[in-house]
Amino acid sequence: MRIAMIGTGYVGLVSGACFADFGHQVCCIDKDGSKIDGLNAGVMPIWEPGLEALVKSNAERGRLTFTTSLPDGVKDADAVFIAVGTPARRGDGHADLTFVFEAVRELAKFIKPGTVVVTKSTVPVGTGDRIEEILGEEGVTGVSVASNPEFLREGAAIADFKHPDRIVVGAEDEQAQDALKEIYRPLFLNRAPILFTGRRTAELTKYAANAFLAVKISFINEIADLCEAVDADVQDVARGIGLDNRIGPKFLHAGPGYGGSCFPKDTLALLQTADKFGVGQRIVRTTVEVNDERKAGMVERVANALGGELKGKRVAVLGLAFKPNTDDMRDAPSIPIVNALIERGAEVSAFDPVAHEQAAKIFSGIEFAADAYAAAANADALVIVTEWDEFRALDLDKVAGSLRGKVLVDLRNVYDRAEAEQAGLTYYGVGRGRLERN
Ligand code: UDX
């Protein structure tokens with residue numbers, strides 16, 4: 001199949017590279033000339049494990065090309081995927097569809113009859129209908145519109161694409177269904193479940209999936225608070241409930257609250273849809289509130305561990321990206337923590353294995369250290385904010401030796417209290433026994 005992919009962000013680039021790897025002929029299109037020049041020279045705009053090698057090998061085989069010219073990219077395509085950004089609009093959380101509709105108006109001039117236009121971007125229910133209308137307004141006929149939401153986790157996006165739990169295709173006609181069946185045939189042959197639904201159902205499925213995962217996280221975070229009050233251990237509670245197949249063990253890690261490019265944005269967009277149709281959605285609304293409060297309040301845990309006062313303290317922060325294996329800082333829990341530390345008069349030395357460049361655009365007045373131990377040097381407390389693997393195997397004796405104050409605030413429950421105490425550290429986890437508050 002000849003595929004055009006409009007937008008070379010996370011979703012577009014990973015999907016484009018993986019489709020090429022399946023053997024399709026893929027042209028990735030982006031307005032950002034420097035991004036396209038970089039990709040043509042083998043330079044990735046994002047940090048994602050395995051992506052560079054996948055892009056290079058498919059580009060070398062001539063199956064993956066990059067261009068800024070939308071006409072060139074879409075004119076012969078059997079399927080045009082739209083994977084442009086749908087950022088939350090400032091103020092109301094609405095998904096901003098400007099880029100999606102711009103792309104549709106433009107591609108309408110160049111696509112051939114029989115093409116299938118597919119939204120990969122996360123778009124509110126009814127967007128596919130609107131796209132169909134726009135194509136009609138532009139005089140396009142014989143073109144189908146489908147929805148094919150992505151469920152990729154940053155840091156594991158290629159594996160998620162190639163071994164999906166399911167593929168969801170929302171299509172209103174056979175032309176769209178057949179095209180997507182053909183595009184996903186390699187996964188189909190691997191017995192990946194492929195679910196054909198109506199277009200609006202597929203659009204909603206994406207929001208419902210992310211909202212449900214966000215609910216799970218906020219749920220376990222509130223249970224963690226309860227654990228701290230009643231002297232119970234949230235890790236054991238999570239295991240105890242997660243072994244029940246009906247609940248499942250995933251997304252039950254208590255921590256500083258969820259961040260990233262999807263959950264915060266998609267939960268708000270779901271609420272916007274609910275408001276528009278006058279439907280409650282109290283569970284998701286509360287989940288958002290719980291998460292916002294949690295992230296804003298995390299700095300109190302550091303203050304508490306340091307006796308209540310942050311002024312004049314030096315705090316080492318490990319992990320800045322919103323999760324491991326990415327340099328993505330969008331809605332990262334580190335942002336309110338670091339900003340509040342600085343506002344309250346603390347010095348911050350931070351280390352993240354890959355996110356310094358992105359973080360430098362957000363924070364001013366923090367020091368970036370060369371590694372975890374350098375960050376810890378002379379600090380009053382070490383705070384683990386993101387659970388990168390390399391923070392799981394720190395030499396705690398060495399950490400304790402570098403620190404001025406012997407305090408470990410482990411917001412991801414990477415360490416056991418006993419091993420931290422053995423190294424002479426005072427340990428503060430999340431939801432792990434009674435938390436004495438100052
Ligand atoms: C998510 C979805 O998982 C993916 O299917 C969707 O398409 C895009 O959004 P992503 O945002 O990359 O992926 O990361 P994910 O691993 O889901 O984590 C999101 C946030 O939740 C992170 O901040 C993470 O730290 C947090 N989280 C996750 C928890 O706090 N606890 C958990 O148990 C799991």
Side-chain angles (χ1 to χ4, degrees), residues 9-12 14-15 46-49 51 83 85-86 88 95 119-123 147-161 163-168 202-203 205-225 234-235 237-239 241-242 247-270 287-288 290-292 294-295 298 319-337 352 355 384-389 391 410-414 429-431:
Y10 236 102
V11 174
V14 169
S15 307
I46 48 166
W47 196 90
E48 177 67 32
L51 184 62
T86 53
T119 48
K120 261 244 168 265
S121 303
T122 300
V123 291
S147 159
N148 173 221
E150 56 81 21
F151 300 98
L152 310 176
R153 284 166 306 162
E154 294 188 16
I158 293 169
D160 281 355
F161 196 97
H163 307 281
D165 287 343
R166 81 305 205 184
I167 301 154
V168 175
E203 289 167 343
T205 302
K206 167 64 194 246
Y207 284 106
N210 274 354
F212 189 77
L213 294 170
V215 168
K216 264 187 119 172
I217 297 168
S218 279
F219 173 81
I220 202 68
N221 282 338
E222 286 206 309
I223 294 291
D225 289 346
V234 74
Q235 308 245 119
V237 173
R239 192 165 153 72
I241 63 174
I247 297 173
K250 293 183 181 163
F251 282 72
L252 287 179
H253 298 290
Y258 59 77
S261 62
C262 291
F263 291 171
K265 172 171 83 72
D266 293 349
T267 43
L268 287 183
L270 183 136
T287 294
V288 171
V290 168
N291 195 61
D292 287 350
R294 186 163 190 89
K295 280 161 79 177
M298 273 299 117
L320 296 168
F322 83 94
K323 62 183 260 187
N325 297 321
T326 178
D327 64 351
D328 197 333
M329 290 291 300
R330 281 177 284 182
D331 275 307
S334 69
I335 297 174
I337 296 174
D352 186 287
I384 300 178
V385 180
T386 313
E387 71 281 29
W388 281 87
D389 273 347
F391 304 152
D410 180 3
L411 298 181
R412 298 287 185 170
N413 289 341
V414 168
V430 172

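Counting convention: from 1, in listed order, for ligands and their atoms alike.
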Quiz item: Does S15 reach the main-chain N or O of G12 with its side chain, forming a donor-acceptor pair under 3.5 Å?
Solution: no
Quiz prompt | Residues D331 and K265 bridged, charged N to O under 4.0 Å | solution = no
Show the short N or O contacts, below 3.5 Å, that ligand 1 makes with protein N or O atoms; if there are none, say 'none'.
{"unit_1": "ligand 1", "atom_1": "5 (O)", "unit_2": "F151", "atom_2": "O", "d": "3.2"}
{"unit_1": "ligand 1", "atom_1": "7 (O)", "unit_2": "E150", "atom_2": "O", "d": "3.4"}
{"unit_1": "ligand 1", "atom_1": "7 (O)", "unit_2": "E150", "atom_2": "OE1", "d": "3.3"}
{"unit_1": "ligand 1", "atom_1": "7 (O)", "unit_2": "L152", "atom_2": "N", "d": "3.3"}
{"unit_1": "ligand 1", "atom_1": "7 (O)", "unit_2": "L152", "atom_2": "O", "d": "3.4"}
{"unit_1": "ligand 1", "atom_1": "7 (O)", "unit_2": "K206", "atom_2": "NZ", "d": "3.4"}
{"unit_1": "ligand 1", "atom_1": "12 (O)", "unit_2": "E154", "atom_2": "N", "d": "2.7"}
{"unit_1": "ligand 1", "atom_1": "12 (O)", "unit_2": "K323", "atom_2": "NZ", "d": "3.4"}
{"unit_1": "ligand 1", "atom_1": "14 (O)", "unit_2": "K323", "atom_2": "NZ", "d": "3.1"}
{"unit_1": "ligand 1", "atom_1": "16 (O)", "unit_2": "K323", "atom_2": "NZ", "d": "2.9"}
{"unit_1": "ligand 1", "atom_1": "23 (O)", "unit_2": "G259", "atom_2": "N", "d": "2.9"}
{"unit_1": "ligand 1", "atom_1": "23 (O)", "unit_2": "F322", "atom_2": "O", "d": "3.3"}
{"unit_1": "ligand 1", "atom_1": "25 (O)", "unit_2": "R412", "atom_2": "NH1", "d": "2.9"}
{"unit_1": "ligand 1", "atom_1": "31 (N)", "unit_2": "H253", "atom_2": "O", "d": "3.0"}
{"unit_1": "ligand 1", "atom_1": "33 (O)", "unit_2": "L252", "atom_2": "N", "d": "3.3"}
{"unit_1": "ligand 1", "atom_1": "33 (O)", "unit_2": "H253", "atom_2": "N", "d": "2.9"}

Quiz item: Do R294 and S218 come within less than 4.5 Å of each other through their side chains, counting heavy atoms only?
Solution: no
Quiz item: Side-chain donor-acceptor pair under 3.5 Å between E154 and S261, yes or no?
Solution: yes
Quiz item: Can you find a heavy atom in the side chain of W388 that is under 4.5 Å from one in the side chain of D352?
Solution: yes
Quiz item: Within a strict 4.5 Å, meaning less than it, do heavy atoms of the L252 and I247 side chains meet?
Solution: yes
